[in-house]
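Lettering follows sequence order; numbering is per chain, from 1. Everything numeric in this text was worked out from a predicted model, so none of it was measured.
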Number of protein chains: 2
Amino acid sequence: MTIEINKGACIDLFRSLTDDLTAELIRQAQTRTISPGALIFGAGSSGRVVHVLTSGCVKMVRTTVRGERVITRYVKPGEAFGMSAVFDEPYRADAVAVTSCIGLQWPSNLIRDTILRQPAAALDAMRSLDARLGEMEARMLGLSSGRVEQRIAHALAELADKFGRPGPNGIEILIPIRHQDLADLAGTTLHTVSRTLGTWETQRQIRRGRCRIVITNLAGLLGLARASTSSDPRPRRGHRRAGRRSG
Amino acid sequence: MTIEINKGACIDLFRSLTDDLTAELIRQAQTRTISPGALIFGAGSSGRVVHVLTSGCVKMVRTTVRGERVITRYVKPGEAFGMSAVFDEPYRADAVAVTSCIGLQWPSNLIRDTILRQPAAALDAMRSLDARLGEMEARMLGLSSGRVEQRIAHALAELADKFGRPGPNGIEILIPIRHQDLADLAGTTLHTVSRTLGTWETQRQIRRGRCRIVITNLAGLLGLARASTSSDPRPRRGHRRAGRRSG
DNA sequence: CGCCGAGTTGATCAGGCTCAACAAATGTGG
DNA sequence: CCACATTTGTTGAGCCTGATCAACTCGGCG
């Protein structure tokens, strides 16, 4: 078995390790295949294993008792998730398979020991945590300042960047995205997402199928995102949902 | 000089190091005193030093070109900030002194080398990054789902937890907090903050002075935060600001 | 064929943002 | 020590965005 997984994608967490060490770790891993929609682990459960996704897509979902939901992150192959297990802390979010997935998992103390013995790996892990912090901060900026249309456009752009592939009609987002998912990313409701995407489709900015989105005009979308009415310099305020789950 | 700083507070980043090592690092540090309101470093500037606050309070502020602002974090003594310098990445946010401050700073490569040589420190750093990630996720949940009143109450509660001290009239928040700051924490405007705090003061939940807040009834506040009208089970939706700076 | 999940669409309405103007506290200079 | 500028905070009026409610369509599946 080679270290490479899925056509060149490799495990971010082990980027700094020697091939031998990585191979050894992969040998020690438990492989797990997950079917779409399945819960890989639930928020609050005490994390005893660290996961790495090797193929497919996983979303991390945080939910409040009142039913409000946020997708904190989409995981793509090569990325680790459930890292809080390293610190013997419970998982913060549900990990839900978006597609069929293959994952590797290790007992958290094995990962911890590896990090303790391989400082370069520790630095890599820190770097990726820090990068995620930066992303979250940027999302917070968007959440607290942008209008809904902007936030949806931005969420789409990020999905396109992470899971998009150029296709005949534009950038196809390869993973299934429900309107509720976009709402959970953008901090709005599936109703507003539906209306907004509807408008964009008539404007030929995007194309839609069931759980499928193709972005025909990414620049146009981001233009919309930047200024909803370019001739009108003053920004408009928006609303905020108080989530009662609807999905 | 002892390792302890400011009545027992010590440097989180070096918690796992031996006293000798910590002392040595502190010897190598450059001490810096900062006056209130001063900019310690600006977002975007290439970070060449890592900071640790030893006394006072620093806020990390992210701003968009349009003038929307978010306070991503309040730093208290013992905590590190500007950690992205470790990865030779520019600072993501402005670091602004809230009070008079004393800080230590090191060239980022010195911290990096320390982390590489002291894996336990790496794990500590990872833990704190992960904890901050969790906080940000929780804040995102609040931002995208709660109503403004809840978010302000929650922001106050966190400030009370981090910078509060029991006083004759309740928990005093020891650092100066402008309404604009609360707005930047809660994702709203200073106007709404003013009105909301006004209501709470007449309800004897809090007391206010200029840039000073005392929480008389924390439980009550959080109760308000949980359900704005307890008799009415259905949550109300809210609005969202589109920040044109006003502070 | 009934059920469920996903998506659509219309009507309603209120939360809180925007605009605007003032008041009070702080700082600065002469 | 007073006049003036700046920062911080207050309050009112208006109104827009987008949440909520509700009802319906479409497609897949057992």
Side-chain angles (χ1 to χ4, degrees), chain A residues 36-37 66-69 96 98 143-152 176-184 186-202 206-213 228-229 232-247, chain B residues 35-37 66-69 98 143-152 176-184 186-202 206-213 228-229 232-247:
Chain A
R66 287 203 215 73
E68 298 127 11
R69 260 185 318 190
V96 179
V98 175
L143 267 185
S144 60
S145 60
R147 45 211 139 286
V148 164
E149 193 183 33
Q150 284 188 11
R151 302 203 302 275
I152 298 175
I177 302 286
R178 279 162 298 161
H179 287 182
Q180 180 67 53
D181 294 324
L182 274 175
D184 292 342
T188 179
T189 62
L190 76 171
H191 309 277
T192 298
V193 168
S194 177
R195 280 184 248 265
T196 306
L197 294 193
T199 305
W200 287 344
E201 183 157 48
T202 64
I206 63 170
R207 288 165 164 279
R208 288 177 300 163
R210 183 187 184 77
C211 288
R212 291 287 160 192
I213 300 174
S228 113
T229 312
D232 186 353
R234 85 194 111 170
R236 289 277 189 272
R237 70 233 163 281
H239 256 272
R240 183 178 308 283
R241 75 165 159 182
R244 180 64 70 202
R245 75 168 62 238
S246 24
Chain B
S35 45
R66 286 203 216 72
E68 299 125 11
R69 260 185 319 191
V98 176
L143 267 186
S144 61
S145 59
R147 46 213 138 288
V148 163
E149 193 182 32
Q150 284 186 13
R151 301 204 301 275
I152 297 174
I177 301 287
R178 280 162 296 160
H179 287 180
Q180 180 68 53
D181 293 325
L182 274 176
D184 292 342
T188 179
T189 62
L190 77 170
H191 309 275
T192 299
V193 168
S194 178
R195 279 183 248 266
T196 306
L197 294 192
T199 306
W200 287 344
E201 184 158 49
T202 64
I206 63 171
R207 288 165 164 278
R208 287 177 301 163
R210 184 185 183 79
C211 288
R212 292 286 160 194
I213 300 173
S228 107
T229 312
D232 186 352
R234 86 193 110 168
R236 289 276 188 275
R237 69 231 164 284
H239 256 269
R240 182 178 308 281
R241 74 164 160 184
R244 179 65 67 201
R245 75 169 61 233
S246 22

Worksheet item: Hey, is the main chain of B:R195 close enough, under 3.5 Å, to the side chain of B:T199 for a donor-acceptor pair?
Response: yes
Item to complete: Using modelled atom types only, decide if a donor and an acceptor are shared between the side chain of A:R207 and the backbone of A:I213 within a distance under 3.5 Å.
Response: no
Once you round it to whole Å, what is the distance between [atom2] of [N] and [atom1] of [X]?
| X | N | atom1 | atom2 | value |
| --- | --- | --- | --- | --- |
| B:R178 | C:dT26 | CZ | C1' | 14 Å |
| A:R66 | D:dA19 | CZ | C1' | 16 Å |
| A:E149 | D:dG18 | CD | P | 8 Å |
| B:I213 | D:dG9 | CD1 | P | 8 Å |
| B:R147 | C:dC17 | CZ | P | 14 Å |
| A:R212 | D:dG27 | CZ | P | 17 Å |
| B:D184 | D:dG9 | CG | P | 12 Å |
| B:D181 | D:dT8 | CG | P | 9 Å |

Fill in: side-chain contact (heavy atoms from CB on, under 4.5 Å) against B:P36, all qualifying residues, sequence neighbours excluded
B:S100
Worksheet item: Which residues satisfy the side-chain contact (heavy atoms from CB on, under 4.5 Å) test with B:T196, sequence neighbours excluded?
Response: B:E149, B:I152, B:T192, B:W200
Practice prompt. Would you indicate, yes or no, if C:dG16 has its OP1 or OP2 atom less than 4.0 angstrom from a side-chain nitrogen or oxygen of B:T188?
Written response: no
Discussion item. Please tell me if B:R210 has a side-chain N or O lying less than 4.0 Å from either OP1 or OP2 of C:dA25.
Written reply: no
Practice prompt. Could I get the full list of side-chain hydrogen bond (donor to acceptor under 3.5 Å, both in side chains) partners for B:R208, not counting sequence neighbours?
Written response: B:E201
Fill in: Test log, rule side chain to side chain contact (heavy atoms under 4.5 Å, CB included), inputs B:R210 and B:R178
CA-CA 8 Å; B:R210 184 185 183 79; B:R178 280 162 296 160; over 6 Å; no
Check the interface with nucleotides 8-12 of chain C: list each N/O to N/O pair with the protein under 3.5 Å, or write none.
unit_1, atom_1, unit_2, atom_2, d
C:dT8, OP1, A:R208, NH1, 2.6
C:dT8, OP1, A:R208, NH2, 3.3
C:dT8, OP2, A:H179, ND1, 3.1
C:dT8, OP2, A:S194, OG, 2.7
C:dT8, OP2, A:R208, NH1, 3.2
C:dT8, O5', A:S194, OG, 3.4
C:dT9, O4, A:H191, ND1, 3.1
C:dG10, N7, A:R195, NH1, 2.9
C:dG10, O6, A:R195, NH2, 3.2

